[in-house]
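All ligand and atom numbering here is 1-based and tracks the order in the structure.
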Amino acid sequence: MDDRVMLVTGGSRGIGAATALMGARAGYRVVVNYAANEAAAARVVSAIEAGGGAAIALRGDVGSEAEILALFEASDRFGRLSVLVNNAGVVDRPGKLVDFSTERLERMWRINVTGSFLCAREAVKRLSTARGGRGGTIVNVSSVAAKLGAPAQYVDYAASKGAIDTLTVGLAKEVMDEGIRVCAVRPGVIDTDIHASGGQPTRAFDMAPSLPMKRPGTAEEVAAAILWLASDAASYSAGAILDVSGGRSIWP
Ligand code: NAP
C-alpha cells in the first residue's frame, strides 16, 4: 500500500489530524492539507514520520477553487491518489436564521459545500477507471446536525452537511461502476477545536450530560470509522453514511 496516497483536507487538527495519523499507520502516504495553521500541520507530519510513515503538509483553502487545484497537483507529485477524506469544514457563531447575513451563508456554502464538491471532482478525475485511474474511495465528513437541524445554533451548518449527505448518495451511484466507492461519516459532538472556532470552547463538555453516552466523542473514534470506510474491509459499502455520534442521532 506504500504507493497509495490518502489526502485529508483539514488534516492539521481534530478529526482530520486523527485520520491522517491513523491513515499513516494503515500504510498510506498521507497528504495533510491545512488552511492556516502550518505549525499544527507540521506536527502531524512529524508524528507520522517519527512512526516510520510518509506525509507532506500542503496549505490550501478548500474555499478557493484555485487553491484546490494547486493542492491536488502538489499531491500528485507526492504520489498517486487512492483515498480522499473530504473533512475540512467550519461552523459559525451560534445564532438564529433570522439574523444570518448573506456573507455568513456564502462562507458556509463555499467552504463546506462547494469545497467538498470540488475536492470530490478532482478526486474522481484521478481515481475513475473510466479516465485511466485505478479506483479508490472518497469518505465525506458530514454531521448528525444534518439530521437534527441545529436549531438556534447553526441551521446553515446543518444544511451544509445535509448537502454532504446528498453528495455522498448521488456521487456514490454516479461513480460506482468507475471503481470508486463514496461513503460518509456523521459525527456527533466530538471534542475538537471546532467548538472554540464557533465561540463555544467548552461546548463539547457542556453538552455531555445531555448526550446519550454522557460524553463527547474523540477525534480518534471518528477517524477509526473513516479508515474502515476507506479500506477494502468496507468493499460492499457504497453511499453508506455511518453515524459516529454516541447514539445522539437515534436519541429522542
Ligand atoms: P477543527 O478541529 O476545527 O479542525 C478543522 C480542520 O479543518 C483544521 O485542520 C483546519 O485547518 C481545517 N480547515 C478549516 N477551514 C479550512 C479551509 N477553508 N480549507 C482547508 N482546511 C480548512 O474541526 P473538526 O472538529 O476536526 O471538524 C472536522 C470535520 O468534522 C468538519 O467537516 C466538521 O464539520 C465535522 N464535524 C465535527 C464535529 C465536532 O463536534 N467536532 C461534529 C460533526 C462534524 P487549520 O488547522 O489550518 O485551521
Where the side chain of Ser46 meets the backbone of Ala42, is there a donor-acceptor pair that is under 3.5 Å apart?
-> yes
With a 4.0 Å cut-off on heavy atoms, does Gly188 reach ligand 1?
-> yes
Identity and separation of the nearest protein heavy atom to atom 28 (C) of ligand 1 = Asn87 OD1, 3.1 Å
Out of Thr9, Val141, Asp191, the nearest non-hydrogen contact to atom 30 (O) of ligand 1 is supplied by Val141
Under 3.5 Å, N or O to N or O, is Ser197 touching ligand 1 that way?
-> no
Are the charged groups of Arg134 and Asp3 less than 4.0 angstrom apart, N to O?
-> yes
Do the charged groups of Arg104 and Asp99 touch, with an N to O distance under 4.0 Å?
-> no
Test of proximity, Ile15 against ligand 1: N or O pairs below 3.5 Å | yes
So CD1 of Ile48 and CZ of Arg29: to nearest 0.5 Å the spacing works out to 11.5 Å
Is it true that Arg121 and Glu65 have a side-chain N and a carboxylate O under 4.0 angstrom from each other?
-> yes
Closest to atom 47 (O) of ligand 1 (heavy atoms only, candidates Ala39, Ala36, Gly11, Gly115) is Ala36
Can you find an N or O of Asp61 that's nearer than 3.5 Å to an N or O of ligand 1?
-> yes
Of all the non-hydrogen atoms in the protein, which one sits nearest to atom 40 (O) of ligand 1, and at what distance?
-> Ile190 N, 2.9 Å
Around atom 7 (O) of ligand 1, find the nearest protein heavy atom and jot down its residue, atom name and distance.
-> Gly10 CA, 3.3 Å
Asp165 bridged to Arg186 by N-O distance under 4.0 Å | yes
Report yes or no: does Asn37 contribute a side-chain atom to a donor-acceptor pair with the main-chain N or O of Ala40 at less than 3.5 Å?
-> yes
Flag the pair Glu103 and Arg110 as a salt bridge only when some basic side-chain nitrogen lies within less than 4.0 angstrom of an acidic carboxylate oxygen.
-> no
Heavy-atom gap Arg186 to ligand 1 smaller than 4.0 Å | no
Report yes if Lys161 has an N/O atom closer than 3.5 Å to an N/O atom of ligand 1; otherwise report no.
-> yes
For Gly60 and ligand 1, answer yes if some heavy atom of the residue is under 4.0 Å from a ligand atom, otherwise no.
-> yes
Which residue and non-hydrogen atom of the protein lie closest to atom 48 (O) of ligand 1, and at what distance in Å?
-> Arg13 NH2, 2.8 Å
Rounding to 0.5 Å, atoms NZ (Lys214) and OG (Ser210) come to a distance of 7.5 Å
Mode of Glu38 contact toward ligand 1 - side chain, backbone, both, neither (heavy atoms, under 4.0 Å) = neither
For ligand 1, which atoms sit closer than 4.0 Å to a heavy atom of Gly89?
-> 31 (C), 32 (O)
Do the charged groups of Asp76 and Arg126 touch, with an N to O distance under 4.0 Å?
-> yes
Heavy atoms from other residues, nucleotides or ligands near NZ of Lys125 exceed 12 (cutoff 6.0 Å) | yes
Number the atoms of ligand 1 from 1 as they appear, then name those within less than 4.0 Å of a heavy atom of Asn37, with their elements.
-> 45 (P), 46 (O), 47 (O)
In terms of its nearest heavy atom to atom 16 (C) of ligand 1, the top option of Ala146, Ala35, Gly198 is Ala35
What do you reckon, is CE of Met213 surrounded by more than 12 foreign heavy atoms closer than 6.0 Å?
-> no
Closest protein heavy atom (residue, atom, distance) for atom 8 (C) of ligand 1 | Ser12 OG, 3.6 Å
Heavy-atom nearest option to atom 1 (P) of ligand 1, drawn from Ile194, Asn140, Val185 = Ile194
Atom 34 (O) of ligand 1 [closest protein heavy-atom partner, distance rounded to 0.1 Å] = Tyr157 OH, 2.6 Å
Between Asn33 and ligand 1, find which residue part has any heavy-atom pair under 4.0 Å and reply side chain, backbone, both or neither.
-> side chain
Between Ala40 and ligand 1, is there a nitrogen or oxygen pair with a distance under 3.5 Å?
-> no
Which distance, rounded to the nearest 0.5 Å, do you find between the SG of Cys119 and the CG of Leu7?
-> 7.5 Å
N or O pair under 3.5 Å between Val62 and ligand 1 | yes
Distance (rounded to the nearest 0.5 Å) between Asn86 CG and Leu118 CG = 9.5 Å
Heteroatom proximity flag, Val144 to ligand 1, N/O under 3.5 Å | no
Kindly confirm or rule out an N or O of Val90 lying under 3.5 angstrom from an N or O of ligand 1.
-> no
Is there a donor-acceptor pair closer than 3.5 Å between any side-chain N or O of His195 and the backbone N or O of Phe205?
-> no
Indicate yes or no: does Arg59 engage Glu67 in a salt bridge with an N to O separation below 4.0 Å.
-> yes
Closest non-hydrogen protein atom to atom 24 (P) of ligand 1, residue and atom name please, with distance?
-> Thr192 OG1, 3.6 Å
Would you mind telling me if ligand 1 is within reach of the side chain of Ser142, the backbone, both or neither, using heavy atoms under 4.0 Å?
-> backbone
